[in-house]
A.B. asks: 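First, the structure itself, so that you have it in front of you.
Every chain is numbered from 1, with letters handed out A, B, ... down the list of sequences.
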Number of protein chains: 2
Amino acid sequence: METPLKYKRSRQRERILGVLKSTNSHPSADWLYHQLKKDMPRLSLGTVYRNLNTLIAQGFVQRLPIEDGIDRFEATIEPHYHLVCEQCGSVTDFSMPHPIGINVQAEKLSNFKIKRHRIDFYGLCSKCQQPSSKGGSS
Amino acid sequence: METPLKYKRSRQRERILGVLKSTNSHPSADWLYHQLKKDMPRLSLGTVYRNLNTLIAQGFVQRLPIEDGIDRFEATIEPHYHLVCEQCGSVTDFSMPHPIGINVQAEKLSNFKIKRHRIDFYGLCSKCQQPSSKGGSS
DNA sequence: CTGGGTGCAAAATCTTTGCAGATCC
DNA sequence: GGATCTGCAAAGATTTTGCACCCAG
């Protein structure tokens, strides 16, 4: 994808960002496609992918590498972390204070110039903590 | 992939784990394949993928969701973090003390049962910090 | 008008699987 | 011998791209 000199507005891109902003989940490209297809029947999946990449290039959207092979996306600006449920796979935004000086500390201990970091917490969400289904191990 | 009742040893799997343990990089399946193919000319990529999944199921290997669409793997040893260079894409292991009580704090602030966390630092590696190639923006 | 954007479909990537034969225990 | 594993190749799944036309600025 070669970066264009300037971006034009497009209804599709605005709608994609709109859905991303309005949802709390972390949709896949395919989910966004089906979601928007209801309103825009001519929408194509390729367009969704192209616009997601554009939105990422513009900094409006982040790609989340969750451990399931499919890319997920979210519209996010402010830094936050993620809670990933190891049982049901749900991904939840999670705001907590940055560990104090973590970037600075990491920079001291490495030879990197640290710009940012990501933290993902893994565990069990409230639902999956319920002992409702006994013996549910994989 | 249906989990077998028990695992047998296989030369291929042992070699794959061996390479993963001996390397500091975080190879993709394809890289492992080409690497081992030198010694085992009949090795197939499918076998690499199958064994990687087996090793993950056994807990010997971890899949790393780095932000580039391709799965990377590493032999699981002790907890550590990762430094990702935003310019050259390299991924480096990085041992630093856990931010104190981070899991406990996260658990208090959420309704999750936190078991573990992952931290990835993003920035510039030592090489890419050198002003050797001026104007290298993407 | 001009360059970015869209739809559609083909292509490229990456990963998984079915099958027959080899291996391990 | 029986379950597991391998190679090979085909199939799946996900993401990118080429092209002709459309739309925003």
A.B. asks: Restricting to side chain to side chain donor-acceptor pair (under 3.5 Å), what partner residues turn up for A:Ser10, sequence neighbours left out?
C.D. replies: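 Expected list: none.
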A.B. asks: Not counting sequence neighbours, which residues clear side chain to side chain contact (heavy atoms under 4.5 Å, CB included) with A:Glu107? List them please.
C.D. replies: A:Lys113, A:Ile114
A.B. asks: Between P on C:dG4 and CG on A:Asn53, what's the gap in Å once rounded to a whole number?
C.D. replies: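 One finds 17 Å between P of C:dG4 and CG of A:Asn53, rounded.
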A.B. asks: What pairs with B:Arg11 under side chain to side chain contact (heavy atoms under 4.5 Å, CB included), at least two apart in sequence or on another chain?
C.D. replies: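 Expected list: B:Arg15, B:Met40.
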A.B. asks: Please give the remaining members of the hydrophobic cluster of A:Leu124, linking ILVMFWY side chains under 4.5 Å, ordered by chain and number.
C.D. replies: none
A.B. asks: Closest approach to the side chain of B:Arg13, judged atom by atom: which nucleotide of D:dC19, D:dC5, C:dT15 is it?
C.D. replies: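 For the B:Arg13 side chain, the nearest candidate turns out to be D:dC5.
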A.B. asks: For the CG atom of A:Asp93 and the OG atom of A:Ser95, what is their distance to the nearest 0.5 Å?
C.D. replies: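 A:Asp93 atom CG to A:Ser95 atom OG measures 7.0 Å (nearest 0.5 Å).
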A.B. asks: Could you list the protein-to-nucleotides 20-25 of chain D atom pairs, N/O on both sides, closer than 3.5 Å?
C.D. replies:
| unit_1 | atom_1 | unit_2 | atom_2 | d |
| --- | --- | --- | --- | --- |
| D:dA24 | N3 | A:Lys8 | NZ | 3.2 |

A.B. asks: To the nearest 10 degrees, how far apart in direction are the end axes of the helix from C:dC1-D:dG25 to C:dC25-D:dG1, each fit to five base pairs?
C.D. replies: 40°
A.B. asks: Give me the other members of the hydrophobic cluster that B:Val104 sits in, counting Ile, Leu, Val, Met, Phe, Trp and Tyr linked by side-chain heavy atoms under 4.5 Å, directly or via other members.
C.D. replies: none
A.B. asks: With sequence neighbours left out, what residues match A:Lys108 under salt bridge (charged side-chain N to carboxylate O under 4.0 Å, His left out)?
C.D. replies: none
A.B. asks: Should the side chain of A:Arg15 and the base of C:dG5 be counted as holding a donor-acceptor pair, with the cut-off at 3.5 Å?
C.D. replies: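 Donor-acceptor pair under 3.5 Å: no.
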A.B. asks: For DNA chain C, find the residues of residues 28-48 of chain B with a heavy-atom distance under 4.0 Å and give them by number; none if there aren't any.
C.D. replies: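 Going residue by residue through residues 28-48 of chain B, the ones with a heavy atom under 4.0 Å of DNA chain C turn out to be B:Leu45, B:Gly46.
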A.B. asks: Taking only residues two or more places apart in sequence or in another chain, which ones pass side chain to side chain contact (heavy atoms under 4.5 Å, CB included) with B:Ser126?
C.D. replies: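 By the side chain to side chain contact (heavy atoms under 4.5 Å, CB included) rule, B:Ser126 matches A:Asn111.
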A.B. asks: How many Å lie between CD on A:Gln12 and P on C:dC8, as a whole number?
C.D. replies: 11 Å
A.B. asks: Expressed as a whole number of angstroms, how long is the span from A:Arg50:CZ to D:dT14:C1'?
C.D. replies: 15 Å
A.B. asks: When you measure from the side chain of B:Thr47 to the backbone N and O of B:Leu43, does any donor-acceptor pair fall under 3.5 Å?
C.D. replies: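 No, because the side chain of B:Thr47 does not come within donor-acceptor range (under 3.5 Å) of the backbone of B:Leu43.
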A.B. asks: Can you check the B:Leu52 CG to D:dC5 C1' distance for me, whole Å?
C.D. replies: 15 Å
A.B. asks: Can you list the residues that meet the ring pair (Phe, Tyr, Trp, His ring centres under 6.0 Å) rule with B:His98, with sequence neighbours excluded?
C.D. replies: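 Checked B:His98 against ring pair (Phe, Tyr, Trp, His ring centres under 6.0 Å); matches are B:Tyr81, B:His117.
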A.B. asks: Considering residues at least two apart in sequence or located in another chain, which fulfil the side chain to side chain contact (heavy atoms under 4.5 Å, CB included) criterion with B:Gln58?
C.D. replies: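 Result, side chain to side chain contact (heavy atoms under 4.5 Å, CB included) vs B:Gln58: B:Tyr7, B:Arg13, B:Thr54, B:Leu55, B:Phe60.
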A.B. asks: Whole angstroms only, please: what is the OH-C1' distance between B:Tyr49 and D:dA10?
C.D. replies: 16 Å
A.B. asks: Nearest whole Å is fine: how far is D:dG7 C1' from B:Asn51 CG?
C.D. replies: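 It works out to 12 Å between those atoms.
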